[in-house]
A.B. asks: 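Just dropping this structure here.
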Amino acid sequence: MNLIERVIAISRRRSPWICRLNAGSCNGCDIEITPLLSPRYDAEQLGIELHGTPKHADIVLISGTLTLRSRQAILDIYDQVPSPKAVVALGSCPSSGNVFAGSPLVLSESLDNVVPVDVWVPGCPPRPQAILDGIARAAQLLEDGSTKSQIQGQRQNLGGRLS
Amino acid sequence: MSAVWSYLVAIAVWPGLLFAAPLGWLELWFMRKLVARLQGRQGPPFFQPFFDVMKLLGKETVIPKGVNRGIFLALPLVSLAAVTAALAIVPLPGNPVPSLPGDIVLLLYLMEVPVLCEVLAGYVSRSIYGQVAAMREAILSLAYNLPFLVAIIAMAQVAGSFQMRALQEVPYGPVHLLAALTFLLALPARMKLNPFSIANAEHEIIADSHIEYSGPPLALFKLSHAIEVVLLTELFAVVFIPATPWPPVNLVVYLVAGILVLGGVTLLATATARLRLTQAFRFYWIWGGIASAITMAATLVR
Amino acid sequence: MAMLKTILGNLLRPSRTRAPADMPVVPPTYRGALGHDASRCTACGTCAFVCAPKAIHFTQDPGVSVSWHFFIGQCSFCGLCEQNCPTQAIHLRSAVPGSMNSAGGDGLRLESLIHLQPCTRCGAAHVPLPAATMDALWAAGAEEVERGYCPECRRWAASARLRNAFLPEGATPAAEGGRHDR
Ligand code: SF4
Ligand code: SF4
Ligand code: SF4
């Protein structure tokens with residue numbers, strides 16, 4: 001790994017920009033993201049910035065139950081995030097549907113079946129420090145080049161070269 | 001040294017890209033840190049703006065469907081080139097570029113280019129939010145350019161010349177003070193800082209007109225913004241701060257003045273909330289207009 | 001102006017930010033990571049019944065063991081299971097469940113194995129009572145041998161005792177060794 005690649009890899013960890021995606025959340029998880037920007041938790045100390053558009057994001061925070069309608073939105077937004085990217089799932093809802101599982105309009109399956117999830121943050125809702133920890137973990141994965149999408153990209157590159 | 005070489009050095013090394021980029025990152029870090037501290041937060045680490053740009057350089061570029069690729073990718077380059085060229089003709093101590101007659105006009109023109117690029121970036125992106133941002137930017141530039149241009153033109157009027165060096169040699173007088181205040185009035189909107197952060201209203205129209213940009217083009221826009229901050233603060237310092245006969249002292253004074261100006265506008269930005277476009281427009285045409293009129297009157301009275 | 005005073009005051013004071021390693025303490029009543037104590041569980045199924053999102057379920061290996069399963073990705077930390085567990089085998093600790101890489105499956109799953117024991121009388125495999133419950137039951141001077149009985153044998157032993165109590169003085173008690181219906 002040459003120097004520039006090394007610097008870029010470190011920058012990925014030091015500057016994770018996040019974009020928030022509410023897939024049908026009760027808002028509990030989203031409310032818990034707000035304290036991250038408050039003086040006490042101050043996400044900016046880790047270089048985290050909250051951005052409104054997926055085009056500027058490195059890490060997508062997905063919260064809430066997956067619904068029949070949000071499934072396509074998640075796929076669209078995930079595709080708009082320029083790689084390398086990571087996905088952090090907040091709370092119990094994305095992994096199983098939580099208490100909403102089994103409702104007629106709820107997709108009672110794991111978010112992993114829709115987009116590759118890199119970090120799960122358990123809780124309902126998770127505490128802000130757990131969310132901060134989850135983002136830091138995802139940023140570390142981005143530096144190591146070991147998020148699921150990065151690994152998949154490498155595989156595809158290899159496959160392209162071999163064939 | 002031939003003229004071509006001196007221009008190249010000015011654009012690429014001093015006061016151009018090689019020095020302006022770290023200086024811009026330093027100033028951006030200073031602003032972000034100050035905002036954080038004013039809000040009782042810890043704030044970003046020192047190298048944060050650098051990391052942001054490096055990370056963006058290592059990312060993929062997503063180009064939206066139906067967008068003209070050429071224009072889309074050229075805009076950030078043009079913007080960066082324009083601000084760097086503008087900075088290169090600011091007579092900072094040690095700038096190798098010879099002073100040309102009429103370089104103020106060139107400078108003012110070059111300083112408009114990044115604004116133009118942002119407006120175009122918003123429109124070519126085909127995003128509704130980007131277009132709203134572009135529209136706001138265009139209208140706002142009509143407003144803040146009144147005091148901004150008048151402040152510079154008043155100084156040129158006093159100097160009797162549209163040449164940067166001549167501006168620096170004007171004996172210090174009340175016009176300096178008035179023009180400086182008029183310039184400072186326009187600065188928050190020029191930097192898109194808080195009471196006038198209308199074009200880049202994050203979370204209101206999601207992002208600024210770079211909404212559809214990602215990866216290296218976005219990094220170039222960020223870099224061009226960093227250099228624009230340097231350009232604006234150093235322009236203020238060069239034009240309105242009295243020069244001493246010793247260039248190294250001048251340099252230090254200019255840099256300190258630049259940081260102080262930034263501190264002031266950041267304080268204002270932290271203490272205020274965003275205005276609406278009409279309010280900002282009215283503010284600049286009424287108060288900016290009055291300030292401009294007083295400044296121009298002072299140049300005549302003298 | 002008041003705002004200016006506030007923010008300048010902030011500038012003079014040290015920042016209120018806590019470093020990631022020094023996060024605010026979690027209140028002791030916080031319902032965090034869930035823990036299960038297999039030695040106290042009777043596999044009664046109450047927790048699975050009260051859990052709205054169905055985070056708890058059981059599997060069994062007939063004759064050998066019963067497993068209590070918990071999936072944190074389905075739990076809403078409501079605490080109903082803890083509240084309703086008759087033997088207090090479930091506790092929601094105040095520790096914040098940490099985030100996890102998806103490398104470890106799709107989240108934290110707990111499994112605790114409850115071994116079945118053969119009845120000392122009839123040999124049927126059963127979930128033994130928790131030691132604390134047994135101490136409470138047998139403190140009243142009940143027959144020590146009944147400790148290893150399965151629920152059916154305990155019921156049989158209790159009814160035998162009842163029947164004997166009604167027998168007149170001197171009558172022969174019912175024959176020991178009779179089997180309960182299974
Ligand atoms: S995990 Fe809990 S708090 Fe978060 S969205 Fe789901 S129900 Fe709401
Ligand atoms: S944990 Fe408690 S409620 Fe659940 S099966 Fe065991 S004893 Fe019953
Ligand atoms: S805390 Fe609530 S949701 Fe979680 S396992 Fe217990 S009953 Fe189920």
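In what follows, chains carry the letters A, B, and so on, assigned in the order in which the sequence lines appear, proteins first and then strands, with residues in each chain numbered from 1. If you're wondering where the values come from, they're calculated on a predicted model, not measured in any experiment.
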A.B. asks: Tell me, yes or no, whether the heavy-atom count around B:Phe30 atom CZ, taken from other residues, nucleotides or ligands under 6.0 Å, exceeds 12.
C.D. replies: yes
A.B. asks: Okay, side chain of A:His56, backbone of B:Leu218: is any donor-acceptor separation there less than 3.5 Å?
C.D. replies: no
A.B. asks: Working to the nearest 0.5 Å, report the span between CE of B:Met54 and CZ of A:Arg14.
C.D. replies: 13.5 Å
A.B. asks: Could you tell me whether the side chain of A:Arg12 and the main chain of B:Gly58 form a donor-acceptor pair under 3.5 Å?
C.D. replies: yes
A.B. asks: Mind checking whether B:Arg32 and A:Glu49 have side chains closer than 4.5 Å, heavy atoms only?
C.D. replies: yes
A.B. asks: Using non-hydrogen atoms and a 4.5 Å limit, figure out which bit of A:Ala57 sits close to chain B: side chain, backbone, both or neither.
C.D. replies: backbone
A.B. asks: With the side chain counted from C-beta on, respond yes when A:Lys55 and B:Pro64 share a heavy-atom pair under 4.5 Å apart, and no when they do not.
C.D. replies: yes
A.B. asks: Keeping the roles fixed (side chain from B:Gln39, backbone from A:Ser38), state whether a donor-acceptor pair exists under 3.5 Å.
C.D. replies: no
A.B. asks: Measure distances from A:Leu50 to the heavy atoms of chain B and classify the residue's part below 4.5 Å as side chain, backbone, both or neither.
C.D. replies: both
A.B. asks: Check whether any side-chain heavy atom of A:Gln45 lies under 4.5 Å from a side-chain heavy atom of B:Pro44, and answer yes or no.
C.D. replies: no
A.B. asks: So, applying side chain to side chain contact (heavy atoms under 4.5 Å, CB included) with B:Lys55, which one of A:Ile10, A:Ile8, A:Asp58 is it?
C.D. replies: A:Asp58
A.B. asks: Roughly how far, to the nearest 0.5 Å, is CZ of B:Phe47 from OG of A:Ser11?
C.D. replies: 11.0 Å
